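Throughout, residue positions are numbered sequentially from 1 according to the sequence presented. It should be emphasised that the depicted structure is a prediction, and the values quoted were computed from it without experimental measurement.
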Amino acid sequence: MLRFSITLFAVIMSSTSQKYECLEGGTHKPKPSPEPYMRECTLYSKSSCCYADFTEQLAHSPVIKVNNSYWNRCGQLSKSCEDFTKKIECFYRCSPHAARWIHPNYTAAIQSVPLCQSFCDDWYEACKDDSICVRNWLTDWEWDESGENRCKNKCIPYSEMYANGTDMCQNMWGQSFKVSESSCLCLQMNKKDMMAIKYLLSKSSEESSSSSSSSSEEDACQKKLLKFEKLEGGEGEQTR
């Protein structure tokens with residue numbers, strides 16, 4: 001799952017001034033480009049940092065492993081938990097925006113990607129009855145000679161490993177994700193992300209430190225989100 005822990009420690013230190021269009025290492029492309037034949041991760045098919053053949057590994061259920069990383073060391077994931085795990089895997093592997101949050105020291109890693117509180121809560125709810133044996137999926141595995149992940153500790157329910165959705169989102173992948181204070185300027189791993197990313201990538205959003213500016217960006221995002229939801233609702237009515 002999101003197996004870049006080996007690459008994480010193998011890549012060289014990067015210059016913070018250098019710009020990347022895709023993360024480095026693993027299955028990432030040098031630059032994002034369309035992938036119309038993706039079996040999964042289709043949210044990123046118009047501009048993808050992964051090749052379509054990578055998504056074959058995610059195109060069946062249950063998912064056994066991705067590359068050499070097994071997802072079933074504590075038993076098969078439930079379908080609901082697997083679906084959320086796929087969303088995280090797809091974002092890391094395929095999103096053309098993941099490099100916006102590139103780790104300052106490791107070009108194959110991400111840091112502090114803002115996730116919506118609702119997404120984290122729903123993810124936790126989906127997985128709480130599944131079992132897990134590591135708290136940090138990037139560093140806590142034991143890797144055997146073939147490069148496959150093994151449990152060092154016993155399997156316990158997600159609900160025992162993590163206190164809640166916030167705890168899970170901010171610890172399961174190390175420093176990769178954080179829970180956003182905003183309900184709009186954050187990612188949900190769905191179509192709504194394009195609105196949030198528009199503001200998150202804007203120069204004013206990145207550089208401004210004033211609360212008034214932050215408030216105006218939040219308001220603008222919320223208005224865009226409301227229009228999007230109304231549009232989606234209207235299209236749904238027309239297709240029924």
Side-chain angles (χ1 to χ4, degrees), residues 1-9 26 40-41 43 55 57-95 98 101 103 109-144 147-193 196:
M1 301 169 66
L2 267 181
R3 188 178 180 281
F4 58 89
S5 56
I6 292 179
T7 316
L8 182 80
F9 299 107
E40 287 283 349
C41 310
L43 182 63
T55 66
Q57 299 177 75
L58 302 173
H60 56 82
S61 183
V63 175
I64 304 300
K65 67 175 182 176
V66 175
N67 293 345
N68 284 343
S69 184
Y70 283 82
W71 288 24
N72 63 349
R73 290 309 190 195
C74 289
Q76 301 293 356
L77 295 177
S78 64
K79 184 61 168 60
S80 58
C81 185
E82 180 183 86
D83 287 345
F84 274 89
T85 306
K86 284 184 180 181
K87 289 179 180 182
I88 297 297
E89 188 80 42
C90 286
F91 174 80
Y92 169 69
R93 302 281 188 178
C94 306
S95 173
W101 295 278
H103 194 286
I110 51 179
Q111 184 180 63
S112 299
V113 178
L115 296 180
C116 297
Q117 181 72 64
S118 59
F119 177 86
C120 291
D121 292 342
D122 290 344
W123 184 10
Y124 179 79
E125 187 67 25
C127 295
K128 67 179 183 180
D129 295 327
D130 288 66
S131 293
I132 190 172
C133 65
V134 292
R135 180 168 173 80
N136 185 328
W137 284 79
L138 304 183
T139 61
D140 292 353
W141 292 106
E142 181 177 281
W143 301 95
D144 63 22
E148 295 178 352
N149 58 319
R150 303 283 178 180
C151 289
K152 292 190 291 187
N153 303 302
K154 69 176 183 178
C155 297
I156 61 175
Y158 275 66
S159 58
E160 292 183 21
M161 186 67 76
Y162 307 105
N164 48 44
T166 299
D167 184 29
M168 188 176 77
C169 275
Q170 297 187 160
N171 290 285
M172 190 173 185
W173 306 114
Q175 298 178 336
S176 298
F177 301 104
K178 68 175 183 179
V179 177
S180 175
E181 295 180 359
S182 168
S183 61
C184 191
L185 298 172
C186 55
L187 305 187
Q188 304 181 58
M189 308 302 170
N190 59 27
K191 292 180 180 179
K192 296 177 183 179
D193 286 357

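- Shown here is Lys152, whose NZ atom has more than 12 heavy atoms of other residues, nucleotides or ligands within 6.0 Å.
- When all heavy atoms of Cys120 and Val179 are compared, the closest pair comes out as SG-CG2, 3.8 Å.
- A salt bridge between Asp83 and Lys87 is absent, with no side-chain N of the basic residue lying under 4.0 Å from a carboxylate O of the acidic one.
- Below 30°, between 30° and 60°, or above 60°: for Trp141 and Trp137 the angle between ring planes is above 60°, a perpendicular geometry.
- In summary, the side chains of Asp167 and Asn171 do present a donor paired with an acceptor at a separation below 3.5 Å, with no hydrogens or angles considered.
- In this structure, Arg135 does not pair ionically with Asp140, as no charged nitrogen and carboxylate oxygen lie closer than 4.0 Å.
- Applying the salt bridge (Lys or Arg N to Asp or Glu O under 4.0 Å) definition to pairs two or more places apart or across chains, none involves residues 168-181.
- Applying the 6.0 Å contact sphere to CD of Gln175 captures no more than 12 heavy atoms from other residues, nucleotides or ligands.
- No hydrogens or angles considered: a donor-acceptor pair under 3.5 Å links the side chains of Thr166 and Gln117.
- Heavy atoms only, all atoms of each residue included: Met172 and Ile132 are closest at CE-CD1, 4.0 Å.
- Ring geometry, Trp123 versus Phe84: the interplanar angle falls under 30°, so the pair is classed parallel (tilted spans 30 to 60°).
- Counting only heavy atoms from C-beta outward, the side chains of Leu187 and Trp101 approach each other to under 4.5 Å.
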